[in-house]
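Contents: one structure, followed by commentary.
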Amino acid sequence: MIKMKAIQVTQFGGPEKLVYTDVKVRDVGKKEVCIRLYAAGINPSDIYTLTGTYAFCIPQLPYTPGLDGAGVVEAVGEGVTHVRVGERVFVASLMGSESTGTFAEKVVCDATLVYPLPDQVSFEQGAAIGVPALTSYRALFQRARLKPGQTVLIHGASGGVGLQVVQMAKAHGAKVIGTASKPEGKKMVREAGADEVINHVTEATIQDVLALTHGRGPDVIIEFLANINLETDLKLIAPFGKIVIVGNRGSIEVNPRLAMQKECDILATALWNAPKEEYEQSIHGVIGMLKSGVLRPIIGTSLPLQQASQGFEQLAEGKGNGKLVLVID
């Protein structure tokens, strides 16, 4: 029996339930790939899944968390032709698959979720592609249908997803306004390509933001904390604009008349809902941006695999900027 180091969860709960231990390496089946991982990305959905109450995923215990990762192909199963042993690859969003999880030295997963990693992209950056990049692409192009020349406000732009939204929107020819709360976060947003970087918009600062758009408001708002910001967004959005909810942590009471006045669209996105055709469009779009260099995942914090629980705590508390990844020795 071949074993590896991995994070294992035997009980649902908080970060303390993440145990660094030895687990068995599963055999590679037909149309599967085994990857020696060097980095794995931590996503908010990993935290929700750990509670055992996440509507999109309640895994069977015990399980190894992790949806995204990057490394080198170690073995391929029958019928796999698009990647080969020894090739650098990234794994994108394993939700709903039979994967063993990326918080481990190795992952065995469906070959359709494995893609070659461009040479200029590091393993840590590769671990930041899956959920963040696909979410960014879906929010901007499949939900908001962003057009060149439009103005997009990214309300919470300094996180792992927000920074990729900035890069994609800017590459598409949009005017980009990003918000962040701390100087280091604002610096990252600016370096990612935002035209304007400001504090998070509140009721008191709506007029300041409207001034950046000549009083009209942004055509698109990408919202990462809807339970706090949605009513402000409704007051800020341009007529016939689109608000895309990517993140939310509670309930909010809003006046629907605000939406009526603007005839705006309030949209939402969850990557797991993407139809197969749209998922494939997203991944090809993301790979194209990686190859051209317009998409460059920005890493904020790197922790060793053994400190996964610390990473969960940091992400849950909203500390740090950029993408949080685990480095696997």
Side-chain angles (χ1 to χ4, degrees), residues 44 93 129-180 189 192-198 200-201 206 209-210 212-214 216-248 252 254 256 258-275 277-289 294-295 297:
S93 66
I129 294 170
V131 172
L134 294 174
T135 297
S136 301
Y137 191 96
R138 181 160 176 74
L140 280 176
F141 305 122
Q142 294 176 338
R143 300 299 285 149
R145 301 198 179 279
L146 180 70
K147 299 175 183 176
Q150 288 187 321
T151 297
V152 56
L153 170 71
I154 300 150
H155 213 165
S158 63
V161 180
L163 291 167
Q164 295 196 40
V165 175
V166 172
Q167 293 177 351
M168 290 184 186
K170 190 61 184 172
H172 196 61
K175 177 180 178 181
V176 178
I177 303 171
T179 79
V189 175
D195 297 284
E196 304 283 351
V197 184
I198 58 176
H200 296 313
V201 187
I206 288 175
V209 182
L210 288 175
L212 297 175
T213 59
H214 307 290
R216 185 172 184 274
D219 303 290
V220 172
I221 296 177
I222 305 297
E223 180 55 66
F224 288 94
L225 197 60
N227 57 297
I228 299 295
N229 300 322
L230 184 56
E231 182 148 350
T232 301
D233 293 339
L234 286 167
K235 295 177 180 179
L236 190 60
I237 193 74
F240 313 108
K242 296 179 179 179
I243 300 168
V244 183
I245 298 171
V246 176
N248 180 69
I252 184 173
V254 299
L258 294 170
M260 295 166 65
Q261 289 169 349
K262 301 290 186 71
E263 286 200 34
C264 63
D265 294 333
I266 303 173
L267 304 164
T269 185
L271 183 59
W272 330 124
N273 289 330
E277 180 181 347
E278 292 188 3
Y279 174 87
E280 291 175 353
Q281 290 171 356
S282 297
I283 195 69
H284 289 299
V286 166
I287 290 172
M289 292 180 181
V294 300
L295 179 61

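Bear in mind that the values here come from a model prediction, so they are computed numbers and not experimental data.
- Residues forming a side chain to side chain donor-acceptor pair (under 3.5 Å) with Thr213 (at least two apart in sequence, or on another chain): none.
- Once rounded to the nearest 0.5 Å, the distance linking CG of Leu258 with CE of Met260 reads 10.5 Å.
- In terms of heavy atoms, Leu295 sits closest to Met168 at CD2-CE, 4.0 Å.
- Applying the side chain to side chain donor-acceptor pair (under 3.5 Å) rule to pairs touching residues 158-169 yields Ser158-Asn321, sequence neighbours excluded.
- Residues satisfying the side chain to side chain donor-acceptor pair (under 3.5 Å) criterion with Thr179, sequence neighbours excluded, are His200.
- The shortest non-hydrogen separation linking Lys242 to Ala144 is CD-O, 3.3 Å.
- To the nearest 0.5 Å, atom CD1 of residue Ile177 and atom CD1 of residue Ile221 are 9.0 Å apart.
- Atom CG of Leu212 sits about 9.5 Å away from atom CG of Leu153, to the nearest 0.5 Å.
- Between Leu271 and Val131, the shortest heavy-atom contact is CD2-CA, 4.0 Å.
- No side-chain donor-acceptor contact under 3.5 Å links Asn227 to the backbone of Asn248.
- Scanning for side chain to side chain contact (heavy atoms under 4.5 Å, CB included) contacts around Ala157 gives Ile154, Val166, Val189, with sequence neighbours left out.
- Contact detail for Thr135 and Val161: the closest heavy-atom pair is CG2-CG1, 4.2 Å.
- Residues passing the ring-ring contact (aromatic ring centres under 6.0 Å, His included) test with Tyr137, sequence neighbours excluded: Phe141.
- Two residues are said to be in side-chain contact when any heavy atoms from C-beta on lie closer than 4.5 Å; Val201 and Ile206 meet this criterion.
- In terms of the salt bridge (charged side-chain N to carboxylate O under 4.0 Å, His left out) criterion, residue partners of Lys170 (sequence neighbours excluded) are, by chain and number, Asp195.
- The two residues Leu234 and Ile243 come nearest to each other via the heavy atoms CD2-CD1, 3.8 Å.
- Checked against salt bridge (charged side-chain N to carboxylate O under 4.0 Å, His left out), Glu196 has no partners two or more places apart in sequence or in another chain.
- Evaluation of the salt bridge (charged side-chain N to carboxylate O under 4.0 Å, His left out) test over residues 129-157, restricted to residues two or more places apart or in two chains, returns Arg138-Glu278.
- For Asp265, the salt bridge (charged side-chain N to carboxylate O under 4.0 Å, His left out) criterion is met by no residue, not counting sequence neighbours.
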*asked:* Ile252 vs Ile228, test: side-chain contact (heavy atoms from CB on, under 4.5 Å). Steps then yes/no.
replied: CA-CA 7 Å; Ile252 184 173; Ile228 299 295; over 6 Å; no
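- For residues 228-237, the side chain to side chain donor-acceptor pair (under 3.5 Å) pairs, not counting sequence neighbours, are His155-Asp233, Glu203-Lys235, Glu223-Asn229.
- Considering Ile222, Ile245, Val244 in turn, Val244 is the only one that fulfils the side chain to side chain contact (heavy atoms under 4.5 Å, CB included) rule with Thr269.
- Counting all heavy atoms, side chain and backbone alike, Val165 lies closest to Leu140 at O-CD1, 3.6 Å.
- In this view, Pro148 and His172 satisfy the side chain to side chain contact (heavy atoms under 4.5 Å, CB included) rule, not counting sequence neighbours.
- Ala174 pairs by the side chain to side chain contact (heavy atoms under 4.5 Å, CB included) definition with Leu146, Val152, Ala169, not counting sequence neighbours.
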